[in-house]
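One structure below.
Residue numbers begin at 1 in each chain, while the letters A, B, ... track the order of the sequences. Just so we're clear, the structure is a prediction, and the values are computed from it rather than from any experiment.
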Protein chains: 2
Amino acid sequence: MDIGEFSAMAESAVAAREVIIAFVHCQITYSGRAEAFLGRGDRVLLIKADSTVIIHQPEGSNPINYMRPGSAVTFEKVDQHVMMHVMNSGDKSFLDVEIFRVYDVASRKLEDGQKQDLAGSERDMSDHIRDNPTLIGNDFHPISREEQTDVGFIDVFGHDKQGHFVVVECKRITASLMAVDQLRRYVERVKQIKGTQVVTGVLAAPSITPNARDMLESYGFRYAHVQPPMRLERWHRDQKKIFEY
Amino acid sequence: MDIGEFSAMAESAVAAREVIIAFVHCQITYSGRAEAFLGRGDRVLLIKADSTVIIHQPEGSNPINYMRPGSAVTFEKVDQHVMMHVMNSGDKSFLDVEIFRVYDVASRKLEDGQKQDLAGSERDMSDHIRDNPTLIGNDFHPISREEQTDVGFIDVFGHDKQGHFVVVECKRITASLMAVDQLRRYVERVKQIKGTQVVTGVLAAPSITPNARDMLESYGFRYAHVQPPMRLERWHRDQKKIFEY
DNA sequence: GCCTAGGTCCCGTCC
DNA sequence: GGACGGGGCCTAGGC
């Protein structure tokens with residue numbers, strides 16, 4: 001596609017809050033929360049309705065460059081190529097994309113009001129524990145969930161038969177040193193607030209790293225093996241056989 | 001575009017390791033590390049050369065759905081629409097994208113061997129401190145950087161005039177409670193390893209949250225105001241005036 | 001392979 | 001608006 005034609009088309013598409021996708025040959029400079037330069041290559045350019053700009057290389061999950069929503073996108077024709085300037089006054093950053101060739105491009109007004117329905121988060125796990133307290137222990141009695149303190153929020157807070165407080169930190173995946181740090185921070189704060197030295201710390205997760213387990217036990221805390229509530233039956237039912245061939 | 005045509009084209013593009021971009025009207029189901037459903041709407045579909053699949057809604061920085069590199073991508077024609085199946089045997093996840101309409105599509109072999117050159121990371125900051133130790137204190141003497149321990153790695157490790165050990169944790173942005181947790185973990189480990197109770201903890205960052213500062217001081221640690229090494233002069237020189245209008 | 005932590009993290013939520 | 005922590009986090013680096 002002619003580079004001047006692209007410039008005009010992109011400019012009006014941005015103004016109309018259309019989404020733009022393109023294959024381009026370009027070179028990129030970023031300055032803001034860091035500084036970056038990427039030499040010439042073929043990439044995917046995506047400009048969204050809210051002026052989010054995303055650039056992908058041909059491989060990998062993450063964009064190689066991006067600008068956050070609400071940026072100012074302008075195009076400048078220079079010789080035989082187009083310079084796309086993206087500026088964000090909020091975080092004082094800018095992205096310059098020097099576009100040498102446009103292989104393919106499309107722009108369109110996209111309509112999508114849907115929100116994703118997602119299950120299996122850590123919040124679901126703390127719900128699950130509140131509703132099934134024996135997962136933590138036979139005498140665990142939940143009092144609150146997502147309890148706010150000035151040092152962060154406690155996933156599940158409760159007490160045992162003797163009335164001693166219990167702090168539960170949940171991780172939906174393998175618990176690490178950082179999870180133990182969090183648990184320790186909450187337990188210490190509860191001790192201060194409640195004026196007691198007897199507070200139980202429980203780390204609930206499907207697994208835990210060896211170092212985290214050592215550290216956990218050195219603080220006198222306990223690990224509870226808990227699976228996050230997910231419905232993987234469908235995978236096992238529908239897909240397992242496929243991979244067995 | 002005709003939906004059957006799309007199916008055939010996409011299938012051969014995937015086989016040829018081409019990159020595909022498209023505007024589609026679709027509905028999405030995901031099952032794997034979580035479970036998710038997204039009703040019908042217009043989205044951007046991106047399939048990369050390594051079979052990474054990324055789907056964007058018209059707004060926001062992050063993809064609403066994705067599958068990691070190395071997935072198996074297949075297309076199935078069902079009535080008047082196409083079902084795209086993406087399966088990843090590594091993490092036992094799958095993504096089903098039911099495509100009802102294809103507004104625009106392009107596929108192409110993209111060539112890009114470039115790697116990004118990036119400055120301003122936390123690693124650059126610890127380099128900067130090692131080379132300018134007075135940023136931490138007048139009598140700070142660095143010994144090592146990115147020192148590995150069994151409880152994580154210490155950004156900058158050194159000693160003072162009296163030979164007491166100093167542990168420095170760097171953050172390129174506002175330091176939070178988690179940064180204090182890390183610092184405390186490293187200081188405690190150094191005390192154990194070196195068999196001393198006199199270890200100084202320093203949190204180096206451009207700013208720190210009030211709660212983090214309280215917690216830091218309660219452990220007897222110190223905050224050092226350090227800017228991450230970035231070259232923002234260009235921003236201030238080139239862009240500042242524009243926003244002043 | 002696991003473990004650890006950074007990220008131009010982004011994002012929601014609650015104060 | 002700041003603070004805090006989750007994320008289907010992803011990715012890099014060390015062991």
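Using the Watson-Crick or G-U wobble rule with both distances under 3.5 Å, D:dG8 pairs with nothing in any strand shown. C:dT8: no Watson-Crick or G-U partner with both key distances under 3.5 Å is found in any strand.
Taking CG from A:Leu110 and NE2 from B:His25, the interatomic distance works out to 11.0 Å, rounded to the nearest 0.5 Å. Separation of atoms CG (A:Leu135) and CZ (A:Phe140) is listed at 10.0 Å; rounding is to 0.5 Å. In this structure, the separation between CD1 on A:Ile154 and SG on A:Cys170 is 11.5 Å, given to the nearest 0.5 Å. For the atom pair B:Arg184 CZ and B:Ser218 OG, the distance stands at 7.5 Å (nearest 0.5 Å). Within the model, atoms CG of B:Asp127 and CD of B:Glu146 stand 7.5 Å from one another, a figure rounded to the nearest 0.5 Å. Note that OG1 of B:Thr29 and CD of B:Gln27 are 6.0 Å apart. Values are rounded to the nearest 0.5 Å.
Boundaries of the chain B contact region on DNA chain C are C:dT4 to C:dC11, first to last in 5' to 3' order (nucleotide atom under 4.0 Å from a heavy atom).
For the pair B:Asn88 CG and D:dC10 C1', the interatomic distance rounds to 14 Å; values are reported in whole Å. Distance, A:Asp124 CG to D:dG8 P: 11 Å, rounded to whole Å. Atom C1' of nucleotide D:dG6 and atom CD1 of A:Ile173 are separated by 10 Å, given to the nearest angstrom. The interatomic distance linking A:Lys171 (NZ) with D:dG8 (P) rounds to 13 Å, in whole Å. Regarding B:Leu177, its CG atom lies at a distance of 17 Å from the P atom of D:dG2, rounded to whole Å.
In terms of position on DNA chain C, the residue among B:Phe153 and A:Pro69 whose nearest nucleotide sits closer to the 5' end is B:Phe153. Toward the 5' end of DNA chain C, the nearer of the two residues A:Lys115 and A:Ala36, judged by each one's closest nucleotide, is A:Ala36. The 5' end of DNA chain D is approached more closely, in terms of each residue's nearest nucleotide, by A:Thr149 than by the other of A:Arg172 and A:Thr149.
Using a 4.0 Å heavy-atom distance criterion, A:Ser176 is classed as making no nucleic acid contact. Note on B:Tyr30: a base of the nucleic acid sits closer than 4.0 angstrom, heavy atoms only. At the heavy-atom level, A:Gln116 lies nowhere under 4.0 Å from the strands shown. Across all strands shown, A:Glu147 has no heavy atoms under 4.0 Å from either base or sugar-phosphate atoms. Looking at heavy-atom distances under 4.0 Å, B:Met67 makes contact with a base.
Look at the P atom in both D:dC4 and C:dT8: the space between them is 22 Å, to the nearest Å. Between the P atoms of D:dG8 and C:dT4, the separation comes to 23 Å (whole Å).
A donor-acceptor pair under 3.5 Å links the side-chain atoms of B:Gln57 to the main chain of A:Gln114, judged by distance alone. Using modelled atom types, no side-chain atom of B:Lys171 and backbone atom of B:Leu203 make a donor-acceptor pair closer than 3.5 Å. Between the side chain of A:Asn65 and the backbone N or O of A:Ile54, no donor-acceptor pair lies under 3.5 Å. Judged by distance alone, with hydrogens and angles left aside, the side-chain atoms of A:Tyr30 form no donor-acceptor pair with the main-chain N or O of A:Met67 at under 3.5 Å.
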Look for any protein N or O under 3.5 Å of an N or O in nucleotides 12-14 of chain D and output each such pair with its distance, or none.
none

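The base of D:dG8 lies close enough to the side chain of B:Asn65 for a donor and an acceptor atom to sit less than 3.5 Å apart.
Listed by first and then second residue, the salt bridge (Lys or Arg N to Asp or Glu O under 4.0 Å) pairs involving residues 56-72 of chain A are A:Glu59-B:Arg17 (not counting sequence neighbours).
One finds no salt bridge joining A:Arg145 and A:Glu147 here, because no Lys/Arg side-chain nitrogen approaches an Asp/Glu carboxylate oxygen to under 4.0 Å. A salt bridge links B:Asp181 to A:Arg185: one of the charged nitrogens lies within less than 4.0 Å of a carboxylate oxygen.
Per the stacking criterion (ring centres < 5.5 Å, plane angle < 30°), B:Tyr66 stacks onto the base of D:dG8.
Contact record, B:Ala224 with B:Ile136: CB-CD1, 4.2 Å, taken as the closest heavy-atom pair.
Near DNA chain D, meaning a heavy atom under 4.0 Å away, the residues from residues 203-224 of chain B are B:Thr209, B:Pro210, B:Asn211. Of the residues in residues 180-193 of chain A, those placing a heavy atom less than 4.0 Å from an atom of DNA chain D are A:Gln182, A:Arg185, A:Tyr186, in numerical order.
Residues satisfying the ring pair (Phe, Tyr, Trp, His ring centres under 6.0 Å) criterion with B:Phe165, sequence neighbours excluded, are B:Phe157.
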